[in-house]
Number of protein chains: 2
Amino acid sequence: MTARTTSETARDIPEATVARLPVYLRALTTLVEAGTQTCSSEDLAAAAGVNSAKLRKDLSYLGSYGTRGVGYDVDYLRYQIAREIGVTQDWPVVIVGIGNLGHALANYSGFRSRGFRVVALLDADPERHDEVVAGVDVRAFDDLEQIVADQGVAIGVIATPALAAQAVADRMVACGITSILNFAPAVLSVPDGVDVRKVDLSIELQILAYHEQRKAQSA
Amino acid sequence: MTARTTSETARDIPEATVARLPVYLRALTTLVEAGTQTCSSEDLAAAAGVNSAKLRKDLSYLGSYGTRGVGYDVDYLRYQIAREIGVTQDWPVVIVGIGNLGHALANYSGFRSRGFRVVALLDADPERHDEVVAGVDVRAFDDLEQIVADQGVAIGVIATPALAAQAVADRMVACGITSILNFAPAVLSVPDGVDVRKVDLSIELQILAYHEQRKAQSA
DNA sequence: AAGAGTTTGTGAACGCGAGAACAAAACGAG
DNA sequence: CTCGTTTTGTTCTCGCGTTCACAAACTCTT
Ligand SMILES: NC(=O)c1ccc[n+]([C@@H]2O[C@H](COP(=O)([O-])OP(=O)(O)OC[C@H]3O[C@@H](n4cnc5c(N)ncnc54)[C@H](O)[C@@H]3O)[C@@H](O)[C@H]2O)c1
Ligand SMILES: NC(=O)c1ccc[n+]([C@@H]2O[C@H](COP(=O)([O-])OP(=O)(O)OC[C@H]3O[C@@H](n4cnc5c(N)ncnc54)[C@H](O)[C@@H]3O)[C@@H](O)[C@H]2O)c1
């Protein structure tokens, strides 16, 4: 039992744990849908694809939500994790760059069901501005400031070509966005306090290729 | 200098380093395109967005390709990293599930330029089979075995709904695919020797949401 | 009520990765 | 040739994350 530094919920959750909480959340949702009411750390760990000791340690950072000898109440734990992550209410999100990838993202229903709401699709190309994707119309990139201010947007997604990514990020940061998910293969530089996460397809494939090559060599 | 365990090139590169090599490769490509001939570890580290000590340590696992007092020959280093990763020649890749995301992936030109060639697009839905995406026609999922055998495919991409993902993975593994890039939000179980990497959009957003919530709380 | 059987929560050991710091090597000036 | 400057390659230390292992806590049976 460590002393709480500041107020009630001021726990310091390790980054590695934060990255796994969404995985647990998804596994719990699957269990709920299957009608499961209670599960052991072993069960949940299997569903999430992790070691059960790791799972228990991760959950222990949130508090003590299990019952020894019994396990975890699936629905209760799911709510607790959702609350900790902050997805009990919806986060408004803007997507910039409505090309191939932007279209796919806009059409993706998994956002909505997991705590996010796409409030705007922006593109610099005027030819795109007629279009309506998944019920949201594509607007001019210059509408960014207005939309962010009106809707209180804190999270932005970049799906533009790499060359435009830094400029888009700068505009986002300037108008108050503090979390960016970047799909462009570019290293973004942003001020302190702004979080950037990068999703890079080619890198993932190249990592696979490296291991594939090693397999081929040793065979 | 540690003794080589087996043959000449049998170095054991840490996983964290492997994950960064593609980033360095991309940064070097950018430098080449800018006409740069030589760069220091400091320069390259800045372009890749990492610490220069980390960069040097990473590169040292590949060998000693720099010149003290001078730096690295950009083109030479780029080739060495590409060779180490295994992207000096093209890897054939199949994509399964040609929906929203599958279309975007098929249309993505960044594959080709980074060592990968999409040799087949497969979908279970017969209505998709007329279509041609980026010059490749969509074929029946049942053609998987044939294509993998004919083209020597080792890497598969899964872009089907989550429910179908495990079944698709099983079929892939059965016909000899040993590396899988999975976009479906599902935990895949595969035999030893098969690598799976997962790209999960919602998880990335949820991680951002967590930090966003903390920022809001502390403010 | 007590004991047997489960399962959680956590202390402790261990291994890997990050970064600082420095010695070795190359190069150029004089 | 020698010295100063630059930059690499590597050693060392520290901190984080993973995993084991077990005591504490709960349930159920008798
Ligand atoms: N398509 C994929 O599957 C895929 C996969 C991995 C990475 N990526 C990356 O994602 C990004 C988008 O890929 P894509 O295939 O959708 O490209 P795309 O060319 O189809 O779409 C890019 C869109 O961004 C818009 N745009 C350009 N500059 C802009 C600006 N300054 N402000 C606002 N909008 C702007 C363009 O008008 C276009 O609609 C690229 O960086 C690409 O490398 C794509
Ligand atoms: N669209 C996105 O931006 C996005 C983002 C993140 C994750 N994802 C995930 O990627 C996956 C695909 O998303 P999507 O939006 O393209 O869905 P989608 O429904 O548009 O496409 C799925 C495709 O898979 C095909 N399919 C279904 N079962 C199959 C099977 N057994 N074998 C072969 N093909 C099969 C369907 O016919 C369809 O064409 C989903 O799991 C989704 O959760 C999508």
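Numbers restart at 1 for each chain; the letters A, B, ... are given by sequence-line order, proteins then strands.
- Between B:Leu21 and B:Leu62, some side-chain heavy-atom pair lies under the 4.5 Å cut-off.
- One interatomic measurement links the two molecules: CG of B:Leu59 to P of D:dT10, which rounds to 11 Å at whole-angstrom precision.
- Between A:Leu77 atom CG and C:dG9 atom P the separation is 9 Å, expressed in whole Å.
- With sequence neighbours excluded, the residues that form a ring-ring contact (aromatic ring centres under 6.0 Å, His included) with B:Tyr76 are B:Tyr65.
- Regarding A:Leu55, its CG atom lies at a distance of 15 Å from the C1' atom of D:dG17, rounded to whole Å.
- Side-chain N/O atoms of B:Tyr72 include one lying less than 4.0 angstrom from OP1 or OP2 on D:dG9.
- One atom, NZ of A:Lys54, and another, P of C:dT7, lie 22 Å apart when rounded to the nearest Å.
- B:Tyr65 has its OH atom 16 Å from the P atom of D:dT8, to the nearest Å.
- Between the side chain of A:Asp123 and the backbone N or O of A:Ile98, at least one donor-acceptor pair lies under 3.5 Å.
- Taking atom CG of residue A:Leu62 and atom C1' of nucleotide C:dT8, one finds them 14 Å apart after rounding to whole Å.
- Residue pairs meeting the salt bridge (Lys or Arg N to Asp or Glu O under 4.0 Å) criterion with at least one member in residues 64-80 of chain A, sequence neighbours excluded, are A:Asp75-A:Arg78.
- Under 3.5 Å, the side chains of B:Ser179 and B:Asp195 contain no donor-acceptor pair of N or O atoms.
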Nucleotides 20-30 of chain D: protein proximity per nucleotide (B base, S sugar-phosphate only, - neither; heavy atom, under 4.0 Å): BB--BBBS---
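- For A:Tyr108, the ring-ring contact (aromatic ring centres under 6.0 Å, His included) partners are A:Phe111, not counting sequence neighbours.
- Non-hydrogen atoms lying under 4.0 Å from DNA chain C are contributed by A:Ser40, A:Ser41, all within residues 23-45 of chain A.
- Within the structure, salt bridge (Lys or Arg N to Asp or Glu O under 4.0 Å) contacts touching residues 155-176 of chain B (residues at least two apart or in different chains) are B:Asp142-B:Arg171, B:Glu145-B:Arg171.
- In terms of modelled atom types and a separation under 3.5 Å, the side chain of A:Glu42 and the main chain of A:Ser52 share no donor-acceptor contact.
- Taking atom CZ of residue B:Arg20 and atom C1' of nucleotide C:dG17, one finds them 8 Å apart after rounding to whole Å.
- Counting heavy atoms from C-beta outward, A:Leu122 and A:Val168 have side chains that stay 4.5 Å or more apart.
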